[in-house]
Amino acid sequence: MTNPLTIPHNIGRTIVEDGAMLCCKVLGTNRFVQFCRDRGITGADRGITIDRARLIRLERLGLFAPIFRVRTPQEPTDPFYIPPREDNNWFTKGWAEDTTTVPSSHEVPDPMDRDCEGYYSMFQIDHLHLVLSAFTLHVQLDSYLERPASKPINWQEQGDQRMQIAEKFAIALRDGQHPRAVALLCQHISNRYFPHTQTNMRTMKIRHEFFNDAWISGGLYNWDWHREAQCWDPKRIETLYSLTPEKLSQAYKGLAMSQASCDPIERWYALTQFVSVDMRKKLRGAALRSETIRNGAQMLRFLYKDLYGDNLPHPNEVSRTIFMHLPELDVRKDTRLHLEFVANRFHVNPQPLLCLFVEGQTEEFAVTRIFEKYYGLHPGKHGIEIICLGGVDNATGNDKDHFGGIIRLIDYLHHHQTLSFLILDNENRAKNFEKKLLKAKSIHNNKRFVIQEKSIKILENSFEFDNFSCDEIAIALIKLAQSHATFSGDDIANIKEDRNPGSALKKLYKRKANYELNKIKLAEILVDMIGTSKSVQKIEDRPIIKILNQVENLVVRNPLPIRQEDKETNQISGLFGKVKLK
């Protein structure tokens, strides 16, 4: 290691006296053990165990130590308050001891001694895992079963070999200051930077920790993180730890690679960074450990930015070569857009791939039922949102601007990568609307029109008369009237020639059945007739099926983009609107 960090003199005491544990409290020995177990340091799957006795044994060996230790005073006194008060500093009174010196020179207690307590930082977990991995033996006993019977196992020799290896590890790790110094540095800067790591990329959680036990009590009721941030002097930390850009960068990259290597869902981080902090805290094992280590790495990255003005690579982009950023770095400045592209990449964006505009509630119901009955899925599973216009007149607006509103809506949807498809009855202003819509130019992209021609379908008459024969409609009306009224194909053929056949159908039904026509119930009966043995027309020959097949074809051609460059290419592909000729 060319630029290792070193441990400043009495830095454990400095951390305490600075009160650098208001956002990330220190943990007593038993709480630290539980903290490690929650993060997979202990587990049968890895064979690595940790408890109070082992922590103290590692301390006695000079391999791992708490930040400081306190002893029960010989006289009645208040708990050690952190940050220390002038008359209550246990370091001055000799009841607290800095334990960060390397090589170790402090007195290490017996594991059964309950008159003292060591306090650890959550950021020491990476160093501890390194130490435990080096001194935990994994043996595959089945490998010994394959030995020849004539060749006995020399357990003494194998044990001696492993002890020699352990002693070499101990020598290498005992005097190594870098991993200890990195953990101490993270704890020292936690009041300033830790809240920045507690984010879903949109909001930040600022939490003030209060803690107490038989020896210490900590927290400040009037502490304000914003005031802390304004008064923060990163240069003091730089001087205290003798930092240089090379040292800090190396410390950061080490933590970044460590969190990536232990994280079982590391490849999902692009998405999980947008998940709420509270939900991420419900992770377990190595995934939760990587969260803690990544928090430390992120804090070092923020410190580097404050000190030297440059952004180091993202923690999850340190250990690999990035050939193409997904999405682009400039896009990430807009968190909402960043999340949109990431959601597209993981196929969890609920944004519709296509909005299908239909005339009214009857068509909305019929199309939904056709999807469920004959395509086997709800249109939402196809990525289709059905929008009921409530009639052409309602959709085309007022007398001053018949079409402006819906044209702008379609243009907006297309700009945001959602296709539009319109199915309209041939009545009132439908034809004029189609002409104006096809001539409309996009205000979001000067290289295309608002829509392509094949995305507008105007029925010859209406949903019922275009898709069903007069005899089928008559049978459906009889069924709807529960045989209390009779209708013939000739009745339907006569009103089909009416200027407004939909209105005429309602009048016919009311006259014969003596109550209002329920068009949605009629649509249900008609749709259920499609494909039955009584139907003389093939399913695929029905106009509505042909239209919905076109809709399906458009949906599969519209994968949501994962980069801004892809989005811009899609806009001029002709899919969202006819491309303008130069």
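- Taking NZ of K305 as the reference point, atom CZ of R301 lies at 9.5 Å (rounded to 0.5 Å).
- A donor and an acceptor atom, one from each side chain of Q158 and Y144, are located under 3.5 Å apart.
- Using modelled atom types and a 3.5 Å distance limit, the side chains of D38 and Q34 yield a donor-acceptor pair.
- Side-chain polar atoms of T101 and D98 form no donor-acceptor pair below 3.5 angstrom.
- Below 30°, between 30° and 60°, or above 60°: for H196 and W225 the angle between ring planes is above 60°, a perpendicular geometry.
- Seen from the ring of F35, R39 counts as a face-on cation partner, given the 6.0 Å and 45° thresholds.
- In this structure, F64 and Y120 have parallel ring planes: the angle between them is below the 30° cut-off, well short of the 60° mark.
- Between F135 and F169, the two ring planes are perpendicular [angle over 60°; tilted spans 30° to 60°].
- Partners of K373 under the side chain to side chain donor-acceptor pair (under 3.5 Å) rule, at least two apart in sequence or in another chain, do not exist in this structure.
- In summary, the side chains of D160 and Q156 do present a donor paired with an acceptor at a separation below 3.5 Å, with no hydrogens or angles considered.
- Residue pairs meeting the ring-ring contact (aromatic ring centres under 6.0 Å, His included) criterion with at least one member in residues 240-265, sequence neighbours excluded, are H188-Y241.
- A donor-acceptor contact closer than 3.5 angstrom is absent between the side chains of D126 and Q259.
- A side chain to side chain donor-acceptor pair (under 3.5 Å) with R69 is found for one member of E59, E117, E107 and no other, namely E59.
- The aromatic rings of F91 and F68 sit tilted, their planes meeting at an angle between 30° and 60°.
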